[in-house]
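Following: one structure in structure tokens, then a few remarks.
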Amino acid sequence: MTQTKILLDESEIPRQWYNVVADLPTPPAPPLGPDGNPLDPSAMSAIFCDPIIEQEVSAQRWIDIPDEVREIYGQWRPTPMFRAHRLEKALNTPAKIYYKYEGVSAAGSHKLNSAVAQAYYNRQAGITRLTTETGAGQWGSSLSLAGQMFGIDVRVYMVKVSYGQKPFRRSMMQTWGGEVLASPTDQTEVGRRILAKDPECQGSLGIAISEAVEEAVSRADTKYSLGSVLNHVLLHQTVIGLEAKKQFEKVGDYPDMIFAPCGGGSNFAGAAFPFFADVAAGGKPVRMVAVEPSSCPSLTRGHYAYDFGDSEGFTPLTLMYTLGHDFMPPGIHAGGLRYHGASALVSQMYQEGLIEAVAVPQVATFEAGVTFARAEGIIPAPESNHAIRATIDEALRCRESGEQKTLFLNLSGHGHFDMASYDRYLGGQLEDYEYPQQAIEEALTRLPQVAMAE
Ligand SMILES: *Cc1c(COP(=O)(O)O)cnc(C)c1O
């Protein structure tokens, strides 16, 4: 019998996170302050606690995982890796497909990996309240649970359209003690200003971030927490790839290609960067593919430019691929992928040709998700379906060429709270939406003006 499930022992949970900055050929461009000059890290202290800021700007290759965080990781980590024998057979492909399943966390996705670390450091710093945003509710539920574990109150600004569409994600957050508001709210200046202009506004991640940041800045006991995009979040997620490397070692294999869904970029980075460490050290080349929706194609069609991380311009300016900070997302179902930008590190590596990106349309992602569920059993999150689509496409190319490639897929979460979206797919009601070129060109005119040193 060939092995299907590749497990690690609890003692094999990584003891350190991997920081890719140490291995980049060029140092990252600094974030800029409102005056256009490189930001002094201390300027971030209104919204982040010191240990988080330290990690955000660190160039140290290995960063210790605190024992308390590792102990909590032990509740669901190491996560299992599977060889997708049944999917390979269904596709009749000579490719070997492996997937790592992050849906075994209590919150149902990889996001708890960073939520626990962020709650831990904030608690250490004496913080008793955190604000955050959530789109589909994955991040909000992870932080609500992590806050509960460390005695921190969590207030979640949830994008209004999701608040209506995903009532059970909302009750999940409330079950774990999170306070959930539909954003835009009347609780912040930003929210009131937006509602005055458009009382029907359905919100966006950019607006929810602005609200959460505004509140954190205005209160001494409160910091802000972000579920993706930033360097420290990517860092925390590297437990995924570090474990995966050990799991490949156990079966004597190594990936030729890695696929992960890409919203802000944290689970992609978490799965791929530890393999990049091997590449940087002169190891075998690995193709790392970030998979995004064609309705929100920040990497594949966005501008590489300095832009804000939120809609109102409260955050520092970051050099990244962006569709414009005032991007209003179309109502696609992979809510976790509807961010206007991409992480600075992922953007830089894409710009330098170290990683690849591909955009896939919505209907094809659900088709892939259903194929996966029928072969492997697990019903994937709509976000994860993007990476499954790209993996299946590659496996089908291998069928044509006869290549026996090893493909590694990060199955970032389960779709148990997304069955309404599956319902629409199964009922033939889902549509594709190609983000219009005109909107991309217009966004360019509204990017903040920054003199870029080449
Ligand atoms: C949030 C989310 C993503 C995308 O976010 P990244 O920051 O790019 O990782 C992917 N899959 C699931 C299940 C998510 O919840």
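As the structure lists them, so they are numbered: ligands from 1, and atoms in each ligand from 1.
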Ligand 1 contact on V233 by region, counting heavy-atom pairs under 4.0 Å: neither
Residue S266 vicinity, atoms of ligand 1 by number, heavy atom under 4.0 Å: 6 (P), 7 (O), 8 (O), 9 (O)
Option of least heavy-atom distance to atom 2 (C) of ligand 1 (set: K111, E292, H110): K111
Aromatic plane relationship, F408 with F275 - under 30° parallel, 30 to 60° tilted, over 60° perpendicular: tilted
Numbered atoms of ligand 1 (with element) below 4.0 Å of C262, judged on heavy atoms: 8 (O)
Any N/O pair G227/ligand 1 closer than 3.5 Å: no
Parallel, tilted or perpendicular: ring planes of Y73 versus W17, cut at 30 and 60 degrees: perpendicular
Y121 and H236 aromatic ring geometry - parallel, tilted or perpendicular at 30°/60° bounds: parallel
Nearest-neighbour protein heavy atom for atom 11 (N) of ligand 1, which is reported as residue plus atom name and distance: S412 OG, 2.7 Å
Side-chain donor-acceptor pair present, T406, D253, cut-off under 3.5 Å: yes
Charged tip of R170 within 45° of Y163 ring normal and under 6.0 Å: yes
Interfacing atoms of ligand 1 (cut-off 4.0 Å, heavy-atom, L337): 4 (C)
Side-chain donor-acceptor pair present, E102, S109, cut-off under 3.5 Å: no
For A381, atoms of ligand 1 separated by under 4.0 Å from a heavy atom: 13 (C)
Atoms in ligand 1 flagged as close to G265, the criterion being non-hydrogen separation under 4.0 Å: 6 (P), 7 (O), 8 (O)
Ligand-residue contact atoms, ligand 1 with S228, heavy atoms, under 4.0 Å: 6 (P), 7 (O)
Separation of L235 CG from W62 CH2 (nearest 0.5 Å): 10.0 Å
Sub-4.0 Å heavy-atom approach of E102 to ligand 1: no
Cationic tip of R83 above Y98 ring, under 6.0 Å, 45° of axis: yes
Close N or O approach (G413, ligand 1; < 3.5 Å): no
